[in-house]
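Below is one structure, written out as structure tokens; the observations come after it.
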Amino acid sequence: MRVDLVIKNIGKLVTGKDSGRPKIGQEMNKLDIIEDAYIAIKDGKIIDIGSKNDYKNIINDYTKIEDAKGLLVTPGLIDSHTHLVHGGSRENEFSQKLSGVPYIEILKQGGGILSTVKCTKEASCEELYSKAKKSLDRMLEFGVTTVESKSGYGLELDTEIKQLKVGKDLEKNHPVDLVHTFLGAHAIPIEYKENHKPFIDIIVDEMMPKVKELGLAEFCDVFCEDGVFTIEETEYILSKAREMGYKLKIHADEIVSLGGAELSAKLKCTSSDHLMAASEEGLKMMAQNNVIANILPGTSFNLNKAYADARKMIDLGVPVSLSSDYNPGSCPSENLQFVMQLGCLGLKMTPNEVLNAVTINAAYAIDRQNEIGSIEIGKKADLVVFDAPNVEYLMYHFGINHVDRVYKAGVLVVENRQAIYDNI
Ligand code: IZC
Ligand code: ZN
């Protein structure tokens with residue numbers, strides 16, 4: 001057996017054994033940790049895991065050996081909900097928000113998402129690409145190796161396709177893996193404010209088939225919210241999406257308890273995201289139907305809103321994942337480590353629960369559980385070496401970047417907190 005790389009002298013290695021479903025309840029608080037560990041990698045995949053010097057039996061002259069200097073190694077982090085590709089930024093609305101004007105009110109006045117739609121339409125592919133690449137580099141530097149990326153700043157076919165194509169191009173040229181989601185139902189254009197139906201028909205009859213035909217998105221998502229898409233509209237759009245072969249996600253019960261959690265259970269969505277205002281009944285239905293609650297505490301922090309009730313979700317047996325919601329309006333930050341810290345400080349999750357929520361459960365939230373999300377034989381060698389003695393420390397010492405190094409499919413892509421893949 002030819003081994004390409006061994007990373008030795010790992011102080012604590014967070015491994016994991018995928019059980020065929022996301023972690024729930026007490027399982028979320030458990031991590032499998034090997035001390036004084038090594039990982040062996042071949043063709044970008046993990047082929048052996050062990051402790052001390054046992055790797056000596058499997059190496060040969062070709063094997064590169066790298067020293068983790070006694071640090072903590074975890075699976076590459078997964079950001080399973082972002083609005084990565086967009087034009088502009090919305091700091092012009094910051095003072096308004098700080099003075100108490102609600103996010104949804106700004107949208108109703110034609111700002112918010114609609115102002116990002118304007119900037120995204122005006123931006124060239126090159127501009128969108130270089131802005132999103134900068135963000136993707138930052139995410140990688142914080143230890144994120146896979147990112148879900150949504151469209152939704154076009155609200156018409158050409159710009160939705162432009163956004164998705166930029167995402168596809170990035171995926172080709174950047175070490176971070178992307179998972180693409182069509183979010184044409186992200187806001188109602190002003191001209192359809194009084195009558196949504198013709199816009200929904202354009203989404204369902206024109207945009208969704210074209211995006212599918214071009215192979216630009218795997219998931220379909222809807223912003224189901226008071227003043228945006230109703231429960232009935234969301235159900236119609238997502239049912240059609242399923243018929244066309246999309247997997248489903250919902251922005252559900254973020255601001256108002258509309259029954260988005262219940263709908264995500266009825267439709268057996270892969271994930272239901274936000275859920276700050278979800279009802280207990282809806283959460284119970286999600287648990288019964290294995291729908292992942294994808295919580296976005298960076299948005300609660302940024303909008304000064306209540307946090308989702310993660311403790312109740314975990315008690316009810318709902319699988320929980322965490323992600324950034326990186327976007328120009330309600331979470332302008334690529335820092336998933338800060339989101340993890342908010343998982344503890346805002347959502348009252350334990351450090352172990354948080355790590356599971358951004359690794360194995362996040363892999364389930366984007367249907368990549370067979371490839372990533374845990375360090376086990378056969379999975380991709382997506383690894384983060386943290387300059388931290390243990391998992392608790394990552395969440396406790398907040399506001400800094402703990403990354404020492406990042407490996408993507410066995411290749412060193414971040415060193416000294418800087419993306420270095422261009423030089424490979
Ligand atoms: O640009 O405001 N919540 N969509 C739904 C967003 C946040 C993104 C944005
Ligand atoms: Zn979102």
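Read the numbers this way: they start at 1 and go in the same order the structure lists the ligands and their atoms. Here the structure is a predicted model, which is why all the values come from computation and not from measurement.
When all heavy atoms of E91 and S89 are compared, the closest pair comes out as OE1-OG, 2.6 Å.
Heavy-atom contacts of Y153 reach the following atoms of ligand 1: 1 (O), 8 (C), 9 (C) (cutoff under 4.0 Å). Per-residue contacts place E254 under 4.0 angstrom from the following atoms of ligand 1 (heavy atoms of the residue considered): 3 (N). Near F223, with a cut-off below 4.0 Å to any heavy atom, the atoms of ligand 1 are 5 (C). Taking a cut-off of under 4.0 Å to the non-hydrogen atoms of S330, the atoms of ligand 1 that pass are 7 (C). Close approach to I113 involves these atoms of ligand 1, each under 4.0 Å from a residue heavy atom: 1 (O), 2 (O), 4 (N), 9 (C).
One distance of note links CG of L84 with CG of N327; it measures 11.0 Å at 0.5 Å rounding.
At the shortest separation from atom 3 (N) of ligand 1 among protein heavy atoms lies Y103 OH, 3.2 Å.
Among the heteroatoms counted here (N, O or S) of H81, NE2 is the one nearest to the Zn ion (ligand 2).
Between H86, E93, H186, R90, it is H186 that holds the heavy atom closest to atom 4 (N) of ligand 1.
Angle subtended at the Zn ion (ligand 2) by D325 OD1 and H83 NE2: 90°, rounded to 10 degrees.
Residues E126 and K131 are not paired through a salt bridge, judged by the lack of any N-O separation under 4.0 Å between the basic side chain and the carboxylate. Note on E235 versus K266: salt bridge recorded, some NZ/NE/NH1/NH2 to OD/OE distance being below 4.0 Å. K69 has no carboxylate O lying under 4.0 Å from a charged side-chain N of D387, or vice versa, which leaves the two without a salt bridge.
When distances to the Zn ion (ligand 2) are checked against a cut-off of 2.8 Å, H274 contributes no N, O or S atom below that limit.
Checked against the 6.0 Å centroid criterion, the rings of H397 and Y393 qualify as a close aromatic pair.
Annotation: cation-pi pair K212/Y246 present, NZ/CZ under 6.0 Å from the ring centroid and within 45° of its normal.
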